[in-house]
Amino acid sequence: MSYTVLGNGISPFVRKVMVVMDEKGLEYESQDVNPFSPPDGYRDISPLGRIPAFRHDDKIINDSSVICRYIDRLHPQPPLYSDDPYESARIEWLEEFVDGGLIPVVGPKIFLARVLRPLLTGEAADEAAVEKAIAEDLPPFFDYLDRQLGDSEYYVGKRLSLADITVAGGFVNLRTAGVKPDKQRWPRLAAFVKRMHARPTFAKQIEPVKAFLSKYWVELD
Ligand SMILES: N[C@@H](CCC(=O)N[C@@H](CS)C(=O)NCC(=O)O)C(=O)O
């Protein structure tokens, strides 16, 4: 049985899949794919041209959420979803809240704008626009995530789930842009991010990202 994650760990969606593999203790290879200059034939693997894609022997699976579900069904221990319908719905909703809500803001307005595009093109970032996005767009997301966590250690139930992995994954990209949740304003979210990023599975993903994108990298207090 062989597994390959296609993509690059600076993508929060790719990171999510790699953390899931590591949390389950599964061996895998990673094949570096830049979606903006993909290898020939990549559309045959990923019809939307996106990363991650996942190869299991001769089977291809697309989309991080679909891939994570697939891995969890094949290797149910430790479970990252729930058999309880409401808990399961909450896990999938929080995943969508981040993947479909937070990341589409963080990606283009903050991470690409401040970190990746200037690095790749040498063009200066529009700092005023980035600061505006940080000041105006992020707080409603952080308010919700802080409230949803409450005083619990994990977002859903009493153990790690895909909700936690997805939320924490998005904050790696924010840290590359010098952004972290303010401890005074969002204490529960800030403590959660710190806890999650200290997990060995996250630390392993963070190390190369931090080395590559060090300019604005922010430590957590
Ligand atoms: N819903 C997808 C989103 C994947 C995604 O948008 N990946 C980005 C990289 S972070 C990408 O491949 N962008 C290239 C493109 O859309 O052309 C998933 O969860 O896998």
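For the single chain, residues carry numbers from 1 onward in sequence order. First listed ligand is number 1; within each ligand, the first listed atom is number 1.
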What is the nearest protein non-hydrogen atom to atom 17 (O) of ligand 1, stated with its residue, atom name and distance?
-> G49 O, 4.2 Å

Test of ring centre spacing under 6.0 Å for F141 and F97 | yes

List the closest protein heavy-atom neighbour of atom 10 (S) of ligand 1: residue, atom name, distance to the nearest 0.1 Å.
-> S11 OG, 3.2 Å

When you look for heavy atoms under 4.0 Å from ligand 1, do you find them on the side chain of S64, its backbone, both, or neither?
-> both

Residue pair Q205 / V19, side-chain heavy-atom distance below 4.5 Å = yes

closest protein heavy atom to atom 8 (C) of ligand 1 is I51 O, 4.0 Å

Can you list the ligand 1 atoms lying under 4.0 Å from a non-hydrogen atom of P35?
-> 12 (O), 14 (C)

Contact atoms of ligand 1, heavy-atom distance to P52 under 4.0 Å = 20 (O)

Would you please classify the geometry between the F142 ring and the W186 ring as parallel, tilted or perpendicular, with 30° and 60° separating the classes?
-> perpendicular

For atom 15 (C) of ligand 1, the closest protein heavy atom turns out to be R50 CG, 4.0 Å

Which of D99, D63, D164 passes salt bridge (charged side-chain N to carboxylate O under 4.0 Å, His left out) with K16? It is D99

Does the gap between the ring centers of F192 and Y155 come in under 6.0 Å?
-> yes

Please report which non-hydrogen protein atom sits nearest to atom 1 (N) of ligand 1, along with the residue it belongs to and the distance in Å to one decimal place.
-> D63 OD2, 2.9 Å

Just say parallel, tilted or perpendicular for the rings of Y3 and H56, cut-offs at 30° and 60°.
-> tilted

